[in-house]
Amino acid sequence: MLDLKLIRQNPEEVKNALGQRKPEYIKAIDDILVIDEKKRIIQQKADALKSQRNSLSKSIKSKEEAATIQAQVKNINAEIQLLDQEQANLNESLEALVLYIPNLPGTDTPFGKNETENQEVHAWGNKPILNSPKPHWEIAEALGILDFENTSRLSGSRFSSFIGLGAKLQRALIQFMLDEAIEADYLELSPPVIIQGQILRGTGQLPKFAEDLYHIENTDQYLIPTAEVPLTGFYANGQALNEADLPKKLCAYTPCFRSEAGAAGRDTRGLIRQHQFDKIELVHICKPEESAIEHEKLVKQAESILEKLELPYRRILLCTGDMGFSASKCYDLEVWFPAQNQYREISSCSNCTDFQARRLNLKFKRDNKNELVHTLNGSGLAVGRTWAAIVENYQFENKLGFKIPTVLQDYMKLSEIS
RNA sequence: GGAGAGAUGGCCGAGCGGUUGAAGGCGCAGCAUUGGAAAUGCUGUAUACGGGUAACCGUAUCGAGGGUUCGAAUCCCUCUCUCUCCGCCA
């Protein structure tokens, strides 16, 4: 959520910045300004009447003199009720508008209409030289370590099961990624995967992206699409954080659930796009002036996982038109998939500045005053996609199977699966 | 699921329908005292919205929402959550 005062005081700046995402936001800001103006005028009227009412009520000392004042206050009350109702209505429409406005792109976020205008920052690693790379699902299904067919009868399309050594590899990846995060001073949380709608509004998934979520019927609860939600929301609406405790670095392993509405026909084969997948998530909560540096640290932490797994990847700086709702600046890490002959997203690291903090009421105390924190999140990493990337990049050319990355061999007690 | 108890500021804890945004204590911050500290003393310590260059002023908030009243933390209704006991259960 953007600061209303910022919109009020620098409307042109806000419109310029949001217009870089999509031109339609410019009109929304104009609407907000009009409603905000109306609301303030009404609030001033109502406050003045309430003030009058309070002092009249206080002036009643004896029962004898009460009658005339009572009549007076009753009249005032009728007026107040109308104004309050009007203000409540305006507030509602104002909130409805503001909750649909995304974060302002940072000044170092490049302008661009869509993903074609993202910028590659750097690429790392050597792509494997393979004459005819096989897709991961072919290799894995043939090895009997991954199943789609039986699983689709269990759960429907876009679900899968890991079997035997496949399941063990997934478990090893989770263990490895968590160990790496904890080594880097992250505090591990194991949160619920069912979360209140209020928190999802806070992190920005709601109200705009409700169709992407699995909703628990007859409740205000949802399955999380990412552990960013419970991690970022963990301290919401509670006591302000201590300045000395910042930056807070949290990590969690959780399953993630996405309805993938609107993705029909895309990535229908393999592990790339599933309704349920595992992910290790990293979240930083920090002071405003620290968030740019924390963002670089966060993305490097995610990169270090790929480097230790020796998977070729590149870092992309997203442009204004491709960036997520809550982000001000965002790097995507993309891992190389030989069979598809392309890089695919495996981590998305966002600096959300104070956007989520304002919606979540997430503050810290500095000089005896409450200030909004900045929040950052990134995957470290998406487990299913990492699993698939290992199978494809480490596949043997002359026989069925693949090598286990060196760092995982201790976890697996195994050097290859064939 | 059944029965009961409760929800007040960072925490504990008062609170007759009317100078109660809220006593008192703890904690925290500043100042004094000290060679330094402890102890002590004094002062200050909620949030949001609005108005004002500012000092400051107005309004709202005692779990949430509604109601009664000239006036509600205090009375009434609904909901939510927490705790205790019983039942069930990974």
Integer-rounded Å distance: B:G50 C1' and A:Glu37 CD: 12 Å

Sugar-phosphate, base or nothing in reach of A:Lys5, heavy atoms under 4.0 Å: sugar-phosphate

Salt bridge (Lys or Arg N to Asp or Glu O under 4.0 Å): pairs with one or both residues in residues 280-296 of chain A, sequence neighbours excluded: A:Glu243-A:Lys287, A:Lys279-A:Glu281, A:Glu289-A:Arg366, A:Glu294-A:Lys297, A:Glu296-A:Arg315, A:Glu296-A:Lys329

Distance test, side-chain N/O of A:Lys363 to OP1/OP2 of B:A46, below 4.0 Å: no

Spacing of the C1' atoms in B:C16 and B:C12 (rounded, Å): 24 Å

Using residues 92-102 of chain A as the side-chain source, report each donor-acceptor pair under 3.5 Å to any protein atom, sequence neighbours left out, with the distance given to one decimal.
from: A:Ser93; atom 1: OG; to: A:Asn89; atom 2: O; distance (Å): 2.9
from: A:Ser93; atom 1: OG; to: A:Leu90; atom 2: O; distance (Å): 3.3

side-chain N/O A:Arg8 vs B:C49 OP1/OP2, d < 4.0 Å: no

Grab the N/O contacts between the protein and nucleotides 17-19 of chain B below 3.5 Å, and write none if there aren't any.
from: B:G18; atom 1: N2; to: A:Ser57; atom 2: O; distance (Å): 3.1

Partners passing side chain to side chain contact (heavy atoms under 4.5 Å, CB included) against A:Asp245 (at least two apart in sequence or in another chain): A:Asn242, A:Lys248

Look for any protein N or O under 3.5 Å of an N or O in nucleotides 57-64 of chain B and output each such pair with its distance, or none.
from: B:G58; atom 1: O3'; to: A:Ser51; atom 2: OG; distance (Å): 3.2
from: B:G58; atom 1: N2; to: A:Asp47; atom 2: OD2; distance (Å): 3.1
from: B:U59; atom 1: OP1; to: A:Asn54; atom 2: ND2; distance (Å): 3.3
from: B:U59; atom 1: O2'; to: A:Asp47; atom 2: OD1; distance (Å): 3.1
from: B:A60; atom 1: OP2; to: A:Asn54; atom 2: ND2; distance (Å): 3.4

Rounded distance in Å between the P positions of B:C88 and B:G2: 15 Å

Rounded C1' spacing from B:U20 to B:G9 in Å: 13 Å

Intra- and inter-strand pairs of RNA chain B in dot-bracket (Watson-Crick or G-U wobble, both distances under 3.5 Å; | for another strand): ((((((((.[[[..)..(.....]]]((((((.......))))))((((((....)))))).[[[[[..)....]]]]])))))))....

Partners passing side chain to side chain contact (heavy atoms under 4.5 Å, CB included) against A:Asp354 (at least two apart in sequence or in another chain): A:Arg358, A:Leu372, A:His374

Backbone of A:Ile272 reached by a side-chain donor or acceptor of A:Arg385 within 3.5 Å: yes

Pairwise C1' distance for B:C31 and B:G25, with rounding to whole Å: 22 Å

4.5 Å side-chain heavy-atom contact, A:Glu228 and A:Gln356: yes

Pairs flagged by ring-ring contact (aromatic ring centres under 6.0 Å, His included) wherever residues 157-187 of chain A is involved - sequence neighbours left out: A:Phe159-A:His275, A:Phe162-A:Trp387, A:Tyr186-A:His284

Any A:Asn77 side-chain N or O less than 4.0 Å from OP1/OP2 of B:G71: yes

Separation between the P atoms of B:C57 and B:A22, rounded to whole Å: 13 Å

Sugar-phosphate, base or nothing in reach of A:Lys45, heavy atoms under 4.0 Å: nothing

Side chain to side chain donor-acceptor pair (under 3.5 Å) against A:Thr268, all qualifying residues, sequence neighbours excluded: none

OP1 or OP2 of B:C49 under 4.0 Å from side-chain N/O of A:Arg40: no

Under 3.5 Å, sequence neighbours excluded: what are the donor-acceptor pairs made by side chains of residues 163-175 of chain A?
from: A:Lys168; atom 1: NZ; to: A:Met412; atom 2: O; distance (Å): 3.1
from: A:Gln170; atom 1: NE2; to: A:Asp278; atom 2: OD2; distance (Å): 2.9

Partners passing side chain to side chain contact (heavy atoms under 4.5 Å, CB included) against A:Leu187 (at least two apart in sequence or in another chain): A:Leu189, A:Leu250

Residues in side chain to side chain contact (heavy atoms under 4.5 Å, CB included) contact with A:Leu33, at least two apart in sequence or another chain: A:Ile7, A:Pro11, A:Ile29, A:Asp30

RNA chain B: 5'-proximal contact among A:Gln44 and A:Leu56 (nearest heavy atom): A:Gln44

